[in-house]
Amino acid sequence: MPIDATLPYDDTNIFARILRREIPAKTVYEDDYALAFHDITPRAPVHILVIPRGPYASWDDFSANASEAEIAGFVRAVGKVARDNGLVAPGYRLLANTGGDGGQEVAHLHVHLFGGRRLGPMLVE
Ligand code: 5GP
């Protein structure tokens with residue numbers, strides 16, 4: 001069920017629980033601003049989720065309310081995870097589903113990082 005991206009942050013979401021280490025995740029990178037881990041249902045040979053450490057429900061919330069340091073730190077982390085996983089030369093795709101039409105299921109901002117094969121058309125109906 002997609003989330004309503006206009007609602008305030010709720011720290012019971014599954015990625016908040018991963019950040020608090022209440023449930024496990026296959027972490028590939030972490031720093032002061034971001035945590036990156038493998039998606040539990042990978043849709044590509046590489047499917048990593050990168051999330052900010054701060055309590056932001058969506059791309060909308062993050063882009064409006066995060067500090068300059070949080071935004072810079074998060075963006076740099078996404079790029080570093082792609083580089084560290086050898087994805088720059090072959091190429092990769094970033095996706096941030098937002099709200100209902102975007103199909104966002106987890107109410108903590110996450111960027112999907114896909115790679116490892118030709119990813120095909122941008123949208124499939
Ligand atoms: P969304 O649809 O919100 O953009 O993507 C949510 C993603 O989170 C999905 O790709 C889903 O497979 C992934 N996911 C949901 N629950 C968990 C979990 O407990 N652990 C991990 N690693 N990924 C999860």
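Both ligands and their constituent atoms are indexed starting at 1 by order of listing. Just so you know, these numbers come straight off a predicted model, no measurement behind them.
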In terms of ring plane angle, is the pair His112 and His47 parallel, tilted or perpendicular, where the classes change at 30° and 60°?
-> tilted
Q) What protein heavy atom sits nearest atom 22 (N) of ligand 1, and how far off is it? A)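 In this structure, atom 22 (N) of ligand 1 has His38 O, 2.9 Å as its nearest protein heavy atom.
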for atom 24 (C) of ligand 1, nearest protein heavy atom and its distance come out as Ile40 CG2, 3.4 Å
Atom CD of Glu22: over 12 foreign heavy atoms under 6.0 Å: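 More than 12 within 6.0 Å, yes.
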Would you say [X] contacts ligand 1, with heavy atoms under 4.0 Å as the rule?
| X | value |
| --- | --- |
| Gly103 | yes |
| Leu95 | no |
| Lys26 | no |

Got an N/O contact under 3.5 Å between [X] and ligand 1?
| X | answer |
| --- | --- |
| His110 | yes |
| Gln104 | no |
| Ile14 | no |

Where ligand 1 meets [X] - atom numbers and elements under 4.0 angstrom, heavy-atom basis:
| X | result |
| --- | --- |
| Val106 | 3 (O), 6 (C) |
| Asn97 | 1 (P), 2 (O), 4 (O) |
| His112 | 1 (P), 4 (O), 5 (O), 7 (C), 10 (O) |
| Glu105 | 1 (P), 2 (O), 3 (O) |
| Phe15 | 8 (O), 24 (C) |
| Thr41 | 12 (O) |

Set out, in order, the CA-CA distance, both residues' side-chain angles and the distance that settles side-chain contact (heavy atoms from CB on, under 4.5 Å) for Leu49 and Val111, then state yes or no.
CA-CA 6 Å; Leu49 300 170; Val111 170; over 6 Å; no
[Y] side chain reached by [X] side chain, heavy atoms, under 4.5 Å:
| X | Y | value |
| --- | --- | --- |
| Leu109 | Asp61 | no |
| Glu105 | Ile3 | no |
| Ile51 | Phe37 | yes |
| Tyr29 | Thr27 | no |

Which bit of Leu49 gets closer than 4.0 Å to ligand 1, counting heavy atoms only: side chain, backbone, both or neither?
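Leu49 to ligand 1: side-chain contact only, backbone stays beyond 4.0 Å.
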Salt bridge Arg53-Glu30, side-chain N to carboxylate O under 4.0 Å
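Looking at Glu30 together with Arg53, the answer is yes, because their closest N to O distance falls below 4.0 Å.
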Item to check | Verdict with supporting geometry, His110 and Phe15, ring-ring contact (aromatic ring centres under 6.0 Å, His included) | outcome: CA-CA 9 Å; His110 47 285; Phe15 293 167; 5.0 Å; yes
Separation between CZ (Phe62) and CD1 (Ile71), nearest 0.5 Å, reads 5.5 Å
* To do: From the options Val111, Leu109, Ile51, Asp39, select the one whose nearest heavy atom is closest to atom 7 (C) of ligand 1.
  =>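 Nearest heavy atom to atom 7 (C) of ligand 1 lies in Asp39.
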